[in-house]
Each structure stands twice: as structure tokens, then as C-alpha cells.
Amino acid sequence: MGDNLISVNNVSVNFDYQENFISKKQKIHAVNNINIKIKKGSFFGLVGESGSGKTTLGRAILGANKISSGNVIFHDEERDYDLTDMNKQDLKEYRKKAQLIFQDPYAALSPRMTVRDIIAEPLEVMRITNSRQETDERVRDIAAKCRLNIEHLRRFPHAFSGGQRQRISIARALVSNPKFIVADESVAALDVSIQADILNLLKQLQTELSLTYLFISHDLSVVAHVCDVVAVMYLGHIVEMGPSRELFKNPKHSYTKALLSSIPSIDPEKRSEAIELKGEIPSALNPPPGCVFRTRCPNPGVDCKGGEIKMGLIEVEPGHWVDQCCAI
Amino acid sequence: MSHLLEVKNLDVKFDTDEGRITAVENISLSVDQGEVLGIVGESGSGKSVTAKSIMKLNPGNTSYNEDAEIILDNENVLQFSSKQDLKKIRGGKVSMIFQEPMASFAPAIKIGAQMVEQLLIHKNINKEEAKSISINMLKRVGIADAEKRFNQYAFELSGGMRQRAMIAMALSTMPKLLLADEPTTALDVTIQAQVINLIKDIIKEYQMGVIFITHDLGVIAQVADHVAVMYLGSVVEKGPVNEILKNPKHPYTKGLLQALPDINNLDAPLSPIPGNIPSPLDRPTGCVFRTRCPHHNPEGKDGKIEMKLIEVEPGHWVDQCGIKCGQNG
Ligand SMILES: Nc1ncnc2c1ncn2[C@@H]1O[C@H](COP(=O)(O)OP(=O)(O)OP(=O)(O)O)[C@@H](O)[C@H]1O
Ligand SMILES: Nc1ncnc2c1ncn2[C@@H]1O[C@H](COP(=O)(O)OP(=O)(O)OP(=O)(O)O)[C@@H](O)[C@H]1O
Ligand code: SF4
Ligand code: SF4
Ligand SMILES: [Mg+2]
Ligand SMILES: [Mg+2]
């Protein structure tokens with residue numbers, strides 16, 4: 001598998017759903033038949049509207065969600081881990097290597113622990129270090145990389161601003177020396193200036209520590225700026241995927257086009273060029289048959305309307321994949 | 001012609017356990033009929049407090065300065081204290097759309113019942129008329145099955161639908177001034193685009209004045225005619241939207257623009273504004289931005305320069321020191 005760190009093969013995640021105890025059991029199709037490869041050292045972006053399945057896919061890759069079908073392989077230096085087939089020991093190892101940065105810098109940090117203890121906790125829980133001294137060294141080291149000083153380590157999180165808290169969350173995620181990081185809406189709650197600071201920090205840490213990111217966001221401008229590869233999700237499916245610049249310059253799928261056109265332009269003279277999508281994303285309980293986007297597609301073909309077309313990505317340019325119907 | 005709304009020299013202070021907080025200082029703004037004033041600024045800059053002052057919605061620990069005026073339709077809102085007077089502004093001449101739509105609907109009352117109740121308070125009409133106005137307004141904001149939604153609770157609606165219902169409720173009384181506090185922040189971009197277009201259409205149709213609060217400069221570019229940029233309770237720059245976004249003068253406005261990821265300019269680095277926003281408890285004297293300002297203006301850094309807006313282009317006002325700094329750097 002050479003330069004890939006993660007291979008996601010035909011992964012689906014369903015949740016059981018029952019409105020109340022007498023109604024019949026239904027399935028929520030949160031993630032459907034996803035195939036992605038994440039290269040080592042890549043900043044892989046996952047975009048899409050609320051409910052499209054980004055978090056579910058991210059959690060599945062971290063082994064935090066059950067995978068209903070398909071598998072996820074983590075290609076480590078010495079060996080591969082198959083997430084659908086791991087024993088306790090493997091799972092423990094994998095937890096050190098793959099970490100999550102939370103979205104909300106306010107909710108994620110325990111108010112009663114000092115910053116030092118918050119960052120040290122994963123080391124203690126995973127029994128990575130053998131002495132307090134070793135723990136302290138690792139904590140100080142990673143804190144410095146995240147631009148927190150020794151003075152900060154003694155304080156409690158309430159004394160920090162949003163940006164500083166997010167740096168604490170990042171330090172905590174990185175202290176176990178992981179190779180793979182899922183950053184789920186990690187800058188969504190931040191003001192632009194602090195957001196810029198955190199994005200720069202993530203980039204810098206990526207080079208310094210040879211990290212690979214899965215960066216989940218609904219903000220396309222942010223994704224365009226930091227990611228090298230982007231996958232666009234809609235209702236549990238990837239509808240388009242490719243090198244970031246190529247995809248943003250040359251979007252093929254109607255959904256990607258609509259999404260890009262909806263970004264409010266910073267130029268007041270360019271107003272209202274948004275391709276308006278009718279209605280809202282359908283429920284994942286009853287996704288439309290055929291192309292999942294067809295209920296909102298501004299220009300459906302004759303075939304798509306009947307719902308007869310199967311979904312599936314095809315490669316239109318090297319590395320640029322689009323759902324087959326629109327590409328034709 | 002007099003403005004629909006004119007805010008003059010407004011200070012808003014809060015008494016707290018830790019001391020007196022200056023949330024807003026010496027703000028002057030105006031809004032005309034049919035015009036959208038955008039207010040932009042980072043978290044804590046005083047955007048919501050400013051909007052709430054116009055409806056006198058700030059809580060009991062609030063104090064306003066004696067010489068401040070908020071003139072709405074030729075009356076000073078700050079002088080209002082009787083229930084009768086306040087009713088005129090709250091939901092009457094002024095309506096507010098809140099960032100979190102759940103906050104403006106009572107959870108246990110159906111959407112329709114809330115709309116009707118509000119109309120009955122403010123308009124001299126009967127229940128039947130109120131119901132038909134409400135349903136028409138729900139239709140107007142693009143809600144399918146308006147009759148069905150009328151009988152539902154807010155939690156039964158999706159995020160975008162709820163936001164539309166809230167806009168419908170805010171508009172049903174035909175306010176002269178609409179205060180929209182981050183009305184699209186919680187929405188997905190495709191839904192945000194729908195809601196922005198809706199708000200723009202409605203402003204045109206009813207010729208109301210609007211204050212549109214957001215921290216998203218892209219949204220500002222799309223909806224506002226004029227913009228006020230706030231930092232730590234002060235307006236540091238204001239003017240026509242094109243001027244502010246294309247010809248910004250104040251180092252803070254420039255800083256915000258440089259930190260923003262622009263999809264049309266992917267090679268531009270993202271440059272954060274250095275440092276952190278000071279606590280409102282120790283608000284810098286002189287220029288509020290001086291603790292983070294990248295320009296080296298010794299006078300400004302000493303805190304000796306008073307803040308004061310001056311007009312640099314017709315209608316484009318910048319804090320006076322901002323100009324000095326702009327010239328320096
Ligand atoms: N634990 C769960 N049980 C049942 N349904 C779930 C669960 N987690 C997620 N879902 C459903 O799966 C779908 C995908 O949700 P997910 O949280 O992955 O979306 P998302 O793209 O991360 O959205 P957002 O941008 O709002 O975070 C949604 O319909 C959601 O309601
Ligand atoms: N009732 C109150 N008592 C004390 N301080 C308050 C009160 N309401 C607001 N503040 C303070 O006033 C300042 C301005 O708050 P405001 O809510 O107007 O900010 P904002 O610009 O709307 O920010 P955001 O973008 O986060 O909504 C903040 O420092 C806030 O903590
Ligand atoms: S497959 Fe058809 S309905 Fe789906 S996005 Fe393409 S054109 Fe639209
Ligand atoms: S140059 Fe001086 S007055 Fe202008 S923003 Fe900077 S510190 Fe303030
Ligand atoms: Mg999510
Ligand atoms: Mg606010």
C-alpha cells in the first residue's frame with residue numbers, strides 16, 4: 001500500500017432507529033459504501049452539510065463507531081491494522097496512533113483539572129510513560145510545540161481564551177505521539193483571527209511531527225486553504241473527491257457546484273451568484289433511491305429522475321473522482 | 001431627512017461581581033428605511049449588547065450614559081420605561097431575530113399560537129385575521145405546508161425551517177426596524193444562501209431598516225449597504241460596504257480581512273491578528289486596539305490618543321489614530 005496511511009474500503013455505517021417501542025425498527029444509513037485512501041502526510045478534507053455523515057465516518061476510522069460493512073486498514077510501518085478485526089491489544093496500540101481533536105474548546109476540557117493534568121491524562125490512561133518525570137517532560141515538550149508555556153500548565157482551563165483552549169485540546173491529542181489525527185470541526189467555534197492561528201499551528205505541527213490529518217469541516221474556504229485532498233459528502237455518500245485546487249477550480253458534481261456557489265463572496269460587487277438548492281437534505285432514514293442528490297439537483301438528467309442510476313465514483317482526471325451520473 | 005434609527009454616543013456598562021464592565025463605548029450609528037447596516041466584529045465586541053439596547057432588552061445590571069440617545073422614529077427609546085412604551089418597540093416597531101432560533105420560541109407553545117399572540121398584542125385585529133396573517137407570512141418565507149407548520153412546535157422543525165419560521169414571526173407585525181443577530185450562523189451554506197436571499201427580498205418588499213449582526217465578512221459583503229466594524233465595544237471604522245471591504249483603513253479591519261480564508265485567493269497566507277482580546281475589565285485606555293496593533297505609533301501605544309472617528313472619504317469614517325497608523329505602515 002506504499003504511501004497510504006489509511007484505506008477505507010466499501011465502508012457503511014448504519015444505526016438502528018425506532019421512533020417508539022411499538023413502531024418498527026428502521027435503519028439510518030449514515031455512511032454508505034465509502035472508499036478513500038489517505039496518503040501519509042496528507043491534509044485530507046471532508047466537507048458536507050450537517051447530517052451528511054462526516055463525524056460518523058471520522059469516528060469509524062478511529063474505531064469509535066462500529067462499521068456495518070467494509071473495512072478500514074491502518075498501514076503502520078511494521079504492520080497493517082484491520083479495524084474490523086482487532087483484538088484488545090491491537091485496539092490499545094491503535095488508540096495511541098490515532099487521535100481526535102474535539103470541536104468545542106469549551107465543553108471538551110474538564111474545569112477541575114489543571115492544564116498539565118488535562119494534557120497528561122492520555123499518557124496515564126494509556127500507560128505510555130513510566131514515571132511522573134517522564135510524563136512531565138512529554139507534557140512540557142508538546143505544550144511548547146503548541147505554544148503553551150510552563151506558567152499556563154499550572155492554571156485551570158477557564159482562565160483561557162478560545163484559541164488557547166483549542167491549543168490545549170491539540171496538545172492533549174498529540175501527547176501520545178499519534179500518526180493520524182481526526183480534527184472534527186476544530187476551528188468552527190473560533191473567530192477568524194484565532195482560526196487563522198490554529199490552522200497555521202496544525203500545518204506547522206504536521207511538518208514537525210509527520211502527522212496525517214482527516215480534517216472535517218463544513219467551511220469550504222477553510223478546507224480549500226489547508227487541505228491537499230478533499231472529499232465532498234452528501235447524505236452518507238462521497239459525491240466528488242480530488243486534489244483540493246483541482247476540485248475547487250473545476251468542480252464536476254452539481255452538489256459541489258452548488259456548495260461552492262453558496263459561499264458568500266467577500267466581494268460586495270459579486271452578489272447572489274448562489275445556485276439555489278431547493279429544500280433541505282432528506283432524512284437518512286429514507287434516502288432517495290438512485291442518486292441521493294436528485295431531490296435537490298438543479299439540473300437532473302432524464303435518467304436520474306427515475307432514480308434508476310446507481311451511485312459510484314469514476315475517475316475523470318488523475319485523482320479526481322466524481323459520482324458517475326453527473327460525470328457523464 | 002431624518003434617519004429611521006439614530007444611535008448617538010451610546011455607552012453600555014454592566015455591574016458585575018468583578019467590577020464594572022464597559023461593553024459598549026461611545027457608539028454612534030444610523031439606519032435608514034430600506035437600508036441594511038451590518039455590524040461585524042469578533043466575539044465579545046459588543047454587537048449583541050448594542051442591538052439589545054435598541055429594544056432595551058439588556059438585564060437589570062445595565063447602565064446607559066445620561067447623554068446617550070437612541071432615536072427611533074423621532075422618539076428616544078432610552079427614555080422609555082412604561083410597559084406601554086416598551087411594547088411599542090418590543091415586537092412593535094422593532095423585531096429581533098436571534099442567533100439560536102430555539103431561544104425565541106417557547107418550547108411548549110405551538111408556532112402558530114405564538115405568532116397569533118404576538119400579533120394580537122401589537123395589532124388591532126381579531127384571532128382569525130391574526131391566523132391568516134401568520135399563515136401567509138409562513139408561506140412568504142418559503143415554508144411548504146404552512147397550515148401544518150402553524151400547528152407544530154419549534155423542535156419539530158429542521159434548523160433551516162425554524163430559522164424561516166422565526167423570520168416569519170419577526171416580520172408578521174411589520175416592524176420598521178429588524179434586528180437580525182447572527183441569523184444564519186448556525187445554518188449550512190446552502191440554507192444560509194436561501195435565508196440571505198429571503199431577507200434581502202423582504203427588506204426590498206417592505207422597505208424596513210435592518211441591523212444585520214455577523215462575524216462573517218462574506219455574509220456582510222452579501223447583505224449590507226453600510227458596515228460598522230466593532231472591537232472591544234468601540235466602532236473603529238464604518239462606511240459603505242464597498243469602501244470598508246475594498247479600501248479598509250483601520251489596522252483592525254485590515255487584520256480581520258487578512259485572517260480570513262478567501263476561496264478566490266488560495267495563495268494568500270492566513271495571518272492572525274497578534275495577541276488576545278483584552279478582558280473588558282481592563283479595557284485599554286486611548287485606542288482600544290493598541291495592545292494588538294502591529295503599527296508602531298508611540299503616541300497610540302501610550303494610550304494618549306483619544307478615540308474619535310473622522311471622515312476620510314464621503315461616508316467612510318475611521319478612528320483618527322487609525323489614519324495616522326495607516327500612513328505610517
Ligand atoms: N449514534 C447515532 N445514532 C443514531 N443516528 C446517528 C448517530 N450518530 C449519527 N447519526 C445520524 O447519522 C447521520 C450522519 O450524522 P453525522 O453526525 O455523521 O453527520 P455530520 O456530517 O457530522 O453532521 P454535522 O455537520 O452536523 O456534524 C445523521 O442522520 C445522524 O442523525
Ligand atoms: N448581562 C451582562 N453582564 C455582564 N457582562 C455582559 C452582559 N452581557 C454582555 N456582557 C459582556 O459584554 C461584552 C459584549 O458582549 P456581546 O454579547 O455584545 O458580544 P458580541 O459582540 O455579541 O459577541 P458574540 O459574537 O460572541 O455574540 C462581552 O464582554 C460580554 O461578556
Ligand atoms: S446523478 Fe442526476 S440527479 Fe444526481 S447529481 Fe447528477 S444530474 Fe443531478
Ligand atoms: S496605530 Fe495607534 S490608534 Fe491606530 S489602531 Fe494602532 S494603536 Fe490604535
Ligand atoms: Mg459532525
Ligand atoms: Mg452576540
Side-chain angles (χ1 to χ4, degrees), chain A residues 47-52 160-164 187-201 203 218-227 234 244-245 248-249 255 258-283 296, chain B residues 41-45 142 144 158-161 184 186-194 196-197 200 214-225 227 240-246 252 255-277 279 292:
Chain A
V47 299
E49 287 173 275
S50 187
S52 57
F160 291 91
S161 67
Q164 287 170 319
V187 296
L190 305 174
D191 278 314
V192 281
S193 171
I194 304 166
Q195 170 179 284
D197 183 49
I198 296 294
L199 292 172
N200 291 342
L201 177 66
K203 277 266 171 195
H218 63 270
D219 188 329
L220 286 110
S221 310
V222 166
V223 166
H225 266 267
V226 297
C227 297
Y234 186 82
S244 162
R245 293 202 175 213
F248 284 102
K249 219 184 285 152
Y255 179 62
L259 210 53
L260 287 177
S261 78
S262 301
I263 302 170
S265 164
I266 186 72
D267 184 348
E269 279 161 11
K270 284 192 197 140
R271 284 200 173 176
S272 221
E273 287 166 0
I275 302 167
E276 221 179 278
L277 291 182
K278 293 158 284 181
E280 297 179 35
I281 194 164
S283 154
R296 294 173 81 198
Chain B
E42 287 170 283
S43 189
S45 56
S158 68
M161 203 66 90
T184 62
L187 304 175
D188 281 316
V189 279
T190 63
I191 310 294
Q192 168 170 283
Q194 293 171 359
I196 286 178
N197 284 341
K200 285 206 285 204
T214 172
H215 60 267
D216 186 334
L217 285 161
V219 172
I220 284 281
Q222 294 301 306
V223 299
D225 301 306
V227 185
V241 64
N242 229 1
E243 269 288 303
I244 300 296
L245 294 182
K246 292 196 165 165
Y252 179 63
L256 277 183
L257 284 162
Q258 279 160 6
L260 190 73
D262 180 358
I263 195 133
N264 296 312
N265 189 5
L266 294 181
D267 292 318
L270 304 177
S271 320
I273 299 167
N276 294 311
I277 304 185
S279 150
R292 300 173 72 192

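Labels below follow one simple rule: chain letters A, B, ... track the order of the sequence lines, proteins then strands, and each chain is numbered from 1. Keep in mind that what you see is a predicted model, and the values were worked out from it rather than measured.
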J.: Is Ile220(B) in contact with chain A via its backbone, its side chain, both, or neither, using a 4.5 Å heavy-atom distance?
T.: backbone
J.: In terms of heavy-atom proximity below 4.5 Å to chain B, should Glu49(A) be classed as side chain, backbone, both, or neither?
T.: both
J.: Between the side chain of His225(A) and the main-chain N/O of Leu270(B), is any donor-acceptor distance below 3.5 Å?
T.: no
J.: Can you tell which part of Ile275(A) gets under 4.5 Å to a heavy atom of chain B, answering side chain, backbone, both or neither?
T.: neither
J.: Is the backbone of Lys270(A) close enough, under 3.5 Å, to the side chain of Gln222(B) for a donor and an acceptor to pair up by distance?
T.: yes
J.: Using only atom types and a distance under 3.5 Å, with no angle test, would you say the side chain of Asp197(A) pairs donor to acceptor with the backbone of Pro272(B)?
T.: no
J.: Heavy-atom distance under 4.5 Å to chain B: side chain of Leu199(A), backbone, both or neither?
T.: side chain
J.: Below 4.5 Å from any heavy atom of chain A, which atoms of Leu245(B) appear? Answer side chain, backbone, both or neither.
T.: side chain
J.: Among all residues two or more places apart in sequence or in another chain, which pass the ring-ring contact (aromatic ring centres under 6.0 Å, His included) test with Phe248(A)?
T.: none
J.: Would you please say whether a donor-acceptor pair under 3.5 Å links the side chains of Ser193(A) and Glu42(B)?
T.: no
J.: Tell me, for Asp267(B) versus chain A, whether the close heavy atoms (under 4.5 Å) come from the side chain, the backbone, both or neither.
T.: both
J.: So for Lys278(A), is it side chain, backbone, both, or neither that comes closer than 4.5 Å to the heavy atoms of chain B?
T.: backbone
